[in-house]
Amino acid sequence: MVLAIEWRDVDQPVIRLIDQTALPHQTRYLDVATVDDLVLAIGDLAVRGAPALGAAGALGVAMAMNQARREGWDDTRLQSEIQRIRDARPTAINLAWGVDRVRGAMPQGVHEVLRQAQALVAEDTAANRTLSRLGADWILARTGLDQVRVVTHCNTGALATTAWGTAYGIIHELHDRGRLGLVYADETRPLLQGARLTSWELQQDGIAHVVQADGAASSTILRGLVDVAIIGADRITANGDAANKIGSVALALACARAGIPFIVAAPTSTVDLSTKRGDDIVIEERASDEVVSFYGHRTAPEGVMGFNPAFDVTPHDLITAIVTERGVVEPATHPDPELLASIAR
Ligand code: MRU
């Protein structure tokens with residue numbers, strides 16, 4: 001399985017990223033040893049996906065400590081550079097969470113920070129495996145189907161995590177159990193995480209799928225072509241609202257109309273109990289050019305501005321199930337924030 005992010009000792013210790021801007025046509029790696037390069041890689045989406053960003057945050061603290069030693073930074077400078085990593089993207093809580101998880105170990109030295117960062121990476125992988133089993137169990141029990149047809153949005157596989165994946169992990173689990181029908185992967189405009197990354201992972205894993213335009217998804221659901229929608233999350237608030245890639249809420253609305261489950265799969269590291277509701281989430285707004293151009297070619301008339309929110313929020317009453325490694329909650333039918341809090345604490 002491909003690793004989106006790992007710590008490597010080459011000539012010097014680096015964070016090795018598979019460059020997700022080049023996939024699927026080129027497999028190239030970035031060895032990142034400076035805060036500038038890490039912040040750039042996060043902003044450009046060379047590394048992306050909430051749990052992978054959590055790993056980038058945690059490993060980034062160790063990397064910044066090494067850079068501080070090389071370049072003679074004082075503690076104030078080091079802390080402000082770490083803050084730049086933490087702030088590199090605003091929506092996925094995992095990035096800040098990853099930084100904060102290891103920051104307290106800084107007085108114990110870089111080896112301890114790195115040990116804790118690597119423990120976080122291992123925990124994420126284990127969480128993905130567990131939530132995938134729980135999610136597959138829940139779907140098979142709820143639908144009673146022999147073969148489950150799935151629609152998914154954006155990319156939630158190994159590339160978006162430390163390994164295996166979240167929503168993608170459930171799809172993979174259903175496949176391994178021989179219970180998966182066709183997968184509809186939304187292309188995910190404007191940066192095509194679905195067409196470029198999810199499709200690549202599905203192909204590598206031998207999983208039957210088609211790529212559809214985002215605009216096709218709600219119709220696919222209303223036509224009865226899928227049995228369940230499974231997506232990931234960048235932040236789940238205390239009341240069960242969930243931010244995910246722009247376009248996700250359209251799937252949720254269509255699923256509610258069609259009466260099929262809409263499932264959000266995420267490790268508990270994505271649950272942010274300190275944010276009360278989805279309206280309080282800062283939604284990243286990305287460059288206009290990503291919308292009004294396509295692969296470097298202008299598509300909209302010159303002078304027109306794009307509107308480019310990278311995420312949307314699905315209200316909890318549209319979410320049939322939130323699947324985490326510590327259990328499943330059903331916000332649409334059991335809208336009790338304490339249920340989510342009890343597994344996320
Ligand atoms: O902008 P991206 O590609 O980082 O957005 C990623 C998503 O929206 C994913 O669905 C989410 O982070 C969950 S990844 C398991």
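One-based numbering, in listed order, for ligands and for the atoms of each.
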Measuring from Ile246:CD1 to Thr188:OG1, what's the distance to the nearest 0.5 Å? 11.5 Å

Mode of Phe311 contact toward ligand 1 - side chain, backbone, both, neither (heavy atoms, under 4.0 Å): side chain

Report, in ascending order of atom number, the atoms of ligand 1 lying under 4.0 Å from any heavy atom of Ala160. 14 (S), 15 (C)

Logged contact type for Ala50 with ligand 1, heavy-atom cut-off 4.0 Å, is both

Quick one: closest heavy-atom pair of Thr299 and Ser293, and the distance? OG1-N, 3.6 Å

Short version for Arg89: what comes under 4.0 Å of ligand 1, heavy atoms counted, is side chain

Take Ile322 and Val328 through the test side-chain contact (heavy atoms from CB on, under 4.5 Å) and record every step on the way to the result. CA-CA 6 Å; Ile322 295 175; Val328 180; over 6 Å; no

Tell me: protein heavy atom nearest atom 5 (O) of ligand 1, and distance? Lys245 CE, 3.3 Å

Close-contact set for ligand 1 against Pro51 heavy atoms, below 4.0 Å: 14 (S), 15 (C)

Give, for atom NZ of Lys245 and atom CG of Asp186, the distance between the pair rounded to the nearest 0.5 Å. 12.5 Å

Nearest 0.5 Å, what's the CZ-CZ distance between Arg133 and Arg177? 8.5 Å

Could you tell me whether Gln193 approaches ligand 1 through its side chain, its backbone, both or neither, with non-hydrogen atoms closer than 4.0 Å? side chain

Starting at CD of Glu330, measure out to NE2 of His316 and round the result to the nearest 0.5 Å. 13.5 Å

Of all the heavy atoms in Ala233, does at least one lie under 4.0 Å from an atom in ligand 1? yes

Ligand 1 contact on Thr156 by region, counting heavy-atom pairs under 4.0 Å: both

Contacting atoms of ligand 1, where contact means under 4.0 angstrom from a heavy atom of Cys154: 5 (O), 6 (C), 7 (C), 8 (O), 10 (O)

Can you tell whether the side chains of Asp100 and Arg86 come within less than 4.0 Å, N to carboxylate O? yes

